[in-house]
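In what follows, every chain begins at residue 1, and chains take the letters A, B, ... in the order their sequences are listed.
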Protein chains: 2
Amino acid sequence: MDAEPDLFKAIGDATRRIILDELTERDGQTLFEICGRLAMKHGLGSSRQAISQHLAVLEQAGLVRTRRQGRYKFHHIDPSPLRSIVERWPIDREEPKS
Amino acid sequence: MDAEPDLFKAIGDATRRIILDELTERDGQTLFEICGRLAMKHGLGSSRQAISQHLAVLEQAGLVRTRRQGRYKFHHIDPSPLRSIVERWPIDREEPKS
DNA sequence: GTTATAGGCAAGTTACTACTTGCCTGTCAA
DNA sequence: TTGACAGGCAAGTAGTAACTTGCCTATAAC
């Protein structure tokens, strides 16, 4: 019913945020590609299974959509659920209007 | 240096999100007011100390600013740090422009 | 003064979550 | 068909975070 708890939980982890960064820079990567990039560019020694679990959390939050093709599974970012965060606590409070 | 981990951690808890909801609806409440509202409107039986710790986390994340006055401490919401979230992963991807 | 109110501090407990480990399934090339 | 590659499943472990408990400080009313 309420997918927002999953959303907040998903972006609550630093590794998952870096994964989103990576998918923003290069969309449609496979699990192994993401593992390699995290290891090289960010010095993260996370195992393949750890990344896989992170991707599952991101997918459940609606932030990542997957596309199967043969033995490859491509991961695509979808940041649109994040909009609900700023909509929930409106920022226009002290800045009257330009 | 990097306050964003605190930000994501702060909104990662459901009780803290409800506190932000309450402060959005009625800004500048004291600790006891918030406790009463959470108990009545949301059925949360959290102790005063629990709420106090939540407020400390929210304050450290920059989402809540406090103002002391006598023996009262008023809590004010500041949702502006949330902007960095939508700015980090741009949503304009499938919607070209109106 | 004394008492009640508003809040703070610190240690201990519990529950959750990220991560590992080990093994299994499915796809493609040789 | 065999082996390499891409990924999945499930149980166990460890670290963290939410919450409790108990006591303490400060402001204000009586």
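The side chain to side chain donor-acceptor pair (under 3.5 Å) analysis of residues 45-57 of chain B, with sequence neighbours excluded, yields the pairs R16(B)-H54(B).
To the nearest 0.5 angstrom, E87(A) atom CD is 12.0 Å from L82(B) atom CG. Separating the CG atom in L55(A) from the CD1 atom in I19(A) is a distance of 5.0 Å, to the nearest 0.5 Å. The CG atom of L58(B) sits 10.0 Å away from atom CD1 of I51(B), with the distance rounded to the nearest 0.5 Å.
P81(A) and G62(A) make their closest contact through CG-O, 3.4 Å (heavy atoms, listed as atom of the first residue, atom of the second, distance).
As rounded to whole Å, 13 Å separates atom C1' of dA6(D) from atom CD1 of I34(A). As rounded to whole Å, 13 Å separates atom C1' of dG7(D) from atom CD of E59(A). Atom CG in L55(B) sits roughly 18 Å away from atom P in dA17(D) (whole-Å rounding). In this structure, CZ of F32(A) is placed 13 Å from C1' of dT27(C), rounded to the nearest angstrom. Separating the NZ atom of K73(B) from the C1' atom of dA6(C) is a distance of 11 Å, rounded to the nearest angstrom.
Counting heavy atoms from C-beta on, the side chains of I11(B) and L20(B) come closer than 4.5 Å.
The hydrophobic clustering, which links ILVMFWY residues whose side-chain heavy atoms are closer than 4.5 Å, places L44(A) and L31(A) together.
In terms of phosphate contacts, T30(B) brings no side-chain nitrogen or oxygen within less than 4.0 Å of OP1 or OP2 of dA6(C).
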With sugar-phosphate taken as primed atoms, P, OP1 and OP2 and all else as base, the protein-contact string of nucleotides 9-21 of chain C at under 4.0 Å (heavy atoms; B, S, -) is B--------SBBB
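Among D78(B), T24(B), L63(B), the single residue meeting the side-chain contact (heavy atoms from CB on, under 4.5 Å) criterion with W89(A) is T24(B).
Listed by residue number, R68(A), R71(A), Y72(A) are the residues of residues 65-72 of chain A with a heavy-atom contact under 4.0 Å to DNA chain D.
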